[in-house]
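What follows is one structure encoded as structure tokens, with my remarks underneath.
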Amino acid sequence: MSNSVSRRDFLKVTSSAGAGLMMGVYLPGKPRFKSAASDSFEPNVWIKISPDNKVTITLAKSEMGQGVKTALPMIVADELDADWQNVEVVQADAHPDKYGGMMTVGSRSVRGGAWMRLRETGATAREMLVSAAAKQWGVDPASCRTDNSSVYHDASNRSLTYGKLTTYASGLKVPKKPQLKDPSQFRYIGKSIPQIDTPDKVSGKTVFGLDVRLQGMLYATVIHPPVFGAAVKSIDDREAKNIAGVKKVFQVSLGVAVVAKSTWAAFKGARALQIKWDNGDFSMDSKDISKSFRDLARKKGVVARNDGNAEKAMKKVDSRLEAVYEVPYLAHATMEPMNCTAHVKQGRCELWVPTQNPQGSQRTAAQLTGFSNDQVTVHVTQLGCGFGRRSRTDFIQDAVETAMKVDAPVQVVWTREEDMQHDYYRPATYNLFEAGLDKAGEPVAWNHRVVAPPIGRRGGPNSLDRSSVDGASNLPYDISNIFVDYCRSDIPVPVGHWRSVGPSQNTFITESFIDEVAFAAGKDPFEYRRKLLKNQPRLRNVLELAAEKSGWGGKLPKGLARGIAIVEDKGSICAQVAEISIEKSQVKIHRVTCALDCGQVIHPGIVESQTVGSVVYGLSAALYGEIIINKGRVAQSNFDDYPLLGIHEMPEVDVHLVDSQEEPGGAGEPAVPPAAPAVTNAIFALTGQRIQSLPVSLNGMRTM
Amino acid sequence: MPRYTLNINGRDRKVSVDEDTPLLWVLRDELGLTGTKFGCGRGLCGSCTVHLNGESTRSCMSTVDYAEGNDITTIEGLSPDVTHFIQEAWIAEEVPQCGYCQSGQVMAAAALLERNPNPSDQDIDMGMKMNLCRCGTYQRIKKAIHRAADEMK
Ligand code: FES
Ligand code: FES
């Protein structure tokens with residue numbers, strides 16, 4: 001990126017903000033630019049402080065229920081000592097580099113370096129405002145303090161609001177290493193302050209992708225080939241075109257688009273279409289896929305972990321245990337179906353889209369239209385769930401291609417059925433296990449072979465897909481000989497990132513098998529794990545907390561049993577204890593006790609709500625979740641055959657957060673993985689039946 | 001195309017659409033009342049819940065033809081300033097996550113309280129079980145309904 005280009009881009013943004021000349025600095029580590037005079041102060045792209053003392057914080061991450069719209073500004077505002085009542089949050093349009101990476105996945109908005117960058121941003125601005133005040137007063141900056149968007153000099157009883165200091169501050173040098181607060185000084189971080197977007201969500205005002213309404217807009221839907229890899233052979237659209245309101249029918253790269261005056265007319269038109277498909281050669285059923293995995297598992301895979309020498313150690317063990325574990329494909333089933341609104345005209349493309357991937361959306365639109373990135377504007381709306389599904393751009397491609405063929409803005413809406421049948425699914429996997437125990441019942445050798453289609457898109461036929469083994473290769477237990485390998489399947493069912501990704505399936509598998517091993521050794525599953533975590537104090541602590549809060553070991557009413565599971569995922573640790581009963585083969589989950597160590601908590605209320613929500617997400621998968629492939633196509637189509645947990649099946653979920661000042665970890669994902677194994681381990685404790693494939697309903701039990 | 005007069009949030013609104021058009025799409029596409037959401041289109045999720053004469057109704061399953069002549073209330077008309085007991089309780093308990101299902105949840109809960117001002121946990125389960133929330137906000141929904149019921153006393 002050349003400086004002149006970025007300068008021009010920057011100035012365009014500032015002038016469109018209507019605040020006259022402003023100073024701007026890119027994020028720490030990026031080149032900075034400034035103009036001569038300013039009455040508004042923008043120490044970097046994240047913050048603008050205007051003369052009326054309003055602080056505007058730009059959110060470059062997507063809000064999908066995980067609370068970034070409140071939590072990220074809180075971090076900035078805390079270090080800035082801003083008056084929260086006067087903070088406004090605006091959603092950033094896509095930009096290739098101005099905000100750094102905008103992709104909202106992997107619980108990465110706070111963890112990793114993000115938390116520090118946000119704090120430094122707030123602290124930098126604060127320090128410049130303090131310097132500005134100190135210079136004006138002719139006092140030592142160290143003798144000033146800040147509170148509620150003002151600088152105070154107590155000794156002389158003087159104060160100035162940030163708004164009054166913006167012009168002066170914008171002429172100052174940007175401090176290289178601003179002073180950060182000691183955690184004891186945090187004023188917002190760690191508090192459950194009201195989320196800024198809640199009132200709009202309970203009054204129907206929040207604008208989701210599907211709620212975008214533009215002058216003269218049209219509506220469209222796209223029908224995709226039911227069989228993966230199929231192509232259109234012929235389209236008979238006579239009947240469709242007779243439907244009132246249907247305007248156009250045409251082919252797009254991924255299917256057939258029906259454009260109409262309303263969504264309903266588009267849906268009706270789509271139903272009336274007669275499309276002949278060329279089905280290609282994928283016609284497998286789920287059981288064929290499972291068999292193909294089994295075949296692959298016969299050969300050694302790519303090594304994912306090799307501690308000690310498991311092969312040798314296995315020959316000398318006292319007893320051995322083997323098992324096979326399988327999980328099915330799963331759909332994301334976001335509550336808001338896939339959609340995108342696009343307008344292509346006069347050398348410009350404008351998108352309104354609920355996306356986790358604004359920059360990818362921009363690139364996709366640029367490629368399809370032949371435009372440059374700056375001819376493409378991407379407005380990010382609220383997302384009606386994301387879960388990884390909205391990191392993909394297939395629905396954006398549908399919208400842009402459709403918009404290129406009509407003379408108006410067009411909203412492409414997928415039906416629920418299209419959404420269910422054209423996902424990037426959580427992969428089905430097949431796992432071979434072998435564990436060797438010594439005389440004392442301690443595991444001394446552990447073999448795990450993972451067979452799965454790769455989630456990551458990189459790497460050749462013999463390469464390791466890290467996402468597929470995440471949660472398996474990083475088994476936290478202290479076992480001297482561990483061997484994990486990975487066999488890549490090339491089944492053409494599209495797969496992708498599904499909330500918590502690798503650990504979503506691998507934790508069910510490893511935490512079930514370690515449970516088997518514990519029972520084989522005749523040990524209590526909590527104590528057994530605890531001993532194997534002796535060198536992992538943080539994990540052990542979380543495990544103990546879950547056990548303690550659940551009353552582990554204490555007596556339960558007859559017919560109830562407990563199961564336990566733990567995971568380390570996205571920089572956090574979560575342990576869960578599930579309490580279940582089975583009556584007339586009907587499984588009921590009574591209570592799930594969660595212990596979570598996600599380091600420094602930004603907003604306890606959001607973390608609690610994300611944790612409970614993750615448990616629900618994990619339980620829906622454990623109890624019912626299954627996408628079946630039938631002759632190359634997905635058999636499920638809507639919430640009747642892909643059920644979600646309802647309020648009447650909701651267990652009591654209590655969340656216990658570890659008080660910690662460690663670097664923040666993820667909060668929206670780590671409670672998904674332990675939910676399934678906590679439940680299935682409880683089923684074993686109650687019945688002696690080991691659930692080795694999901695969903696639970698496949699194992700002769702009713703779950704609804 | 002046939003013409004209809006719908007009484008929505010206390011106002012008569014005229015539309016001309018096909019008689020099989022679901023109320024959901026009349027609200028969203030013809031009248032710009034986008035607070036009512038599309039989730040499944042088949043009566044399975046509850047995102048599209050509105051009130052027809054005070055009763056919870058799936059607007060994706062009620063045709064415009066059927067809806068005409070009834071008093072229709074949508075999330076936009078539940079209260080003029082987000083002060084319905086349910087909305088206040090929802091804010092106090094911070095129920096929403098992504099928020100997509102919440103218009104439907106709020107409407108279903110408001111109708112439930114109308115029928116039964118003091119619901120037990122089980123009443124809530126029965127009254128709300130057809131309103132799915134993929135984000136899993138059920139625990140807070142239950143708390144908020146109890147809170148609203150208490151506030152109403
Ligand atoms: S959209 Fe009406 S019930 Fe789902
Ligand atoms: S809040 Fe997201 S689906 Fe209910």
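A note on names: the letters A, B, ... follow the listed sequences, proteins ahead of strands, and every chain is numbered from 1.
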Heavy-atom pair count under 4.5 Å with chain A, highest-scoring of B:Pro96, B:Cys45, B:Pro22: B:Pro22
B:Ser103 versus A:Gly204, closest heavy-atom pair with distance: OG-CA, 3.9 Å
Residue part contacting chain B, namely of A:Ser637, when any heavy atom lies under 4.5 Å: side chain
Expected list for residues 107-117 of chain B: side-chain donor-acceptor pairs under 3.5 angstrom, two or more places apart:
from: B:Asn116; atom 1: OD1; to: B:Asn118; atom 2: N; distance (Å): 3.2
from: B:Asn116; atom 1: ND2; to: B:Asp123; atom 2: OD2; distance (Å): 3.1

Residue part contacting chain A, namely of B:Glu88, when any heavy atom lies under 4.5 Å: neither
Salt bridge present between B:Asp29 and A:Lys261 (N-O < 4.0 angstrom): no
Portion of A:Val212 that has a non-hydrogen atom of chain B nearer than 4.5 angstrom: neither
Stepwise side-chain contact (heavy atoms from CB on, under 4.5 Å) test for A:Glu649 and B:Lys129: CA-CA 9 Å; A:Glu649 297 151 304; B:Lys129 73 183 221 187; over 6 Å; no
A:Pro194, part contacting chain B, at a heavy-atom distance under 4.5 Å: both
Distance (rounded to the nearest 0.5 Å) between B:Gln139 CD and A:Asp654 CG: 8.0 Å
Contact leader toward chain B among A:Glu63, A:Lys268, A:Gln610, A:Met217, where contacts are heavy-atom pairs under 4.5 Å: A:Lys268
No-hydrogen, no-angle side-chain donor-acceptor test under 3.5 Å, B:Gln97 and A:Ser609: yes
Pick from A:Val612, A:Val616, A:Val653 with the largest number of heavy-atom pairs that fall under 4.5 Å of chain B: A:Val653
Residues A:Lys201, B:Val95; criterion side-chain contact (heavy atoms from CB on, under 4.5 Å); working and verdict: CA-CA 9 Å; A:Lys201 286 177 183 166; B:Val95 173; over 6 Å; no
Side chain, backbone, both or neither of B:Leu132 within contact of chain A (heavy atoms, under 4.5 Å): both
For chain B, the option from A:Lys205, A:Arg416, A:His648, A:Arg499 that forms the most heavy-atom pairs under 4.5 Å: A:His648
A:Leu383, part contacting chain B, at a heavy-atom distance under 4.5 Å: backbone
Distance (rounded to the nearest 0.5 Å) between B:Met130 CE and A:Ile647 CD1: 13.5 Å
B:Asp18 side, atom CG; A:Trp264 side, atom CH2 - distance, nearest 0.5 Å: 9.5 Å
Interface moiety of B:Ile141 toward chain A, non-hydrogen atoms closer than 4.5 Å: side chain
Step-by-step side-chain contact (heavy atoms from CB on, under 4.5 Å) determination, B:Tyr100 to A:Thr206: CA-CA 9 Å; B:Tyr100 195 76; A:Thr206 302; over 6 Å; no
Proximal component of B:Ser47, with respect to chain A [non-hydrogen, under 4.5 Å]: side chain
Tabulate below the donor-acceptor pairs under 3.5 Å that side-chain atoms of residues 33-41 of chain B make, not counting sequence neighbours, or state none.
from: B:Lys37; atom 1: NZ; to: A:Asp211; atom 2: OD1; distance (Å): 3.3
from: B:Lys37; atom 1: NZ; to: A:Asp211; atom 2: OD2; distance (Å): 2.4
from: B:Lys37; atom 1: NZ; to: B:Thr34; atom 2: O; distance (Å): 2.8

Residue, of B:Glu94, B:Gln102, B:Gln87, that accumulates the most heavy atom pairs under 4.5 Å with chain A: B:Glu94
Rounded distance [0.5 Å steps], CZ in B:Arg42 versus CZ in A:Phe639: 10.5 Å
A:Leu210 side chain reached by B:Arg28 side chain, heavy atoms, under 4.5 Å: yes
For chain B, the option from A:Gln66, A:Met64, A:His332, A:Glu336 that forms the most heavy-atom pairs under 4.5 Å: A:Glu336
Selection from A:Thr263, A:Thr198, A:Val207 maximising heavy-atom pairs under 4.5 Å formed with chain B: A:Thr263
Which atoms of B:Arg140 approach chain A - backbone, side chain, both or neither, heavy atom under 4.5 Å: side chain
Residue, of A:Ala265, A:Ser620, A:Gly384, that accumulates the most heavy atom pairs under 4.5 Å with chain B: A:Gly384
Side-chain donor/acceptor of A:Gln382 to backbone N/O of B:Cys98, under 3.5 Å: yes
Test: B:Arg134 cationic atom under 6.0 Å from A:Phe387 six-membered ring centre, within 45° of axis: yes
Chain A contact via B:Asp81 - which portion, at a heavy-atom distance below 4.5 Å: neither
From CG (A:Leu644) to SG (B:Cys101), nearest 0.5 Å: 10.5 Å
Atom pair OG (A:Ser203) and CD1 (B:Ile91), whose distance is rounded to the nearest 0.5 Å: 7.5 Å
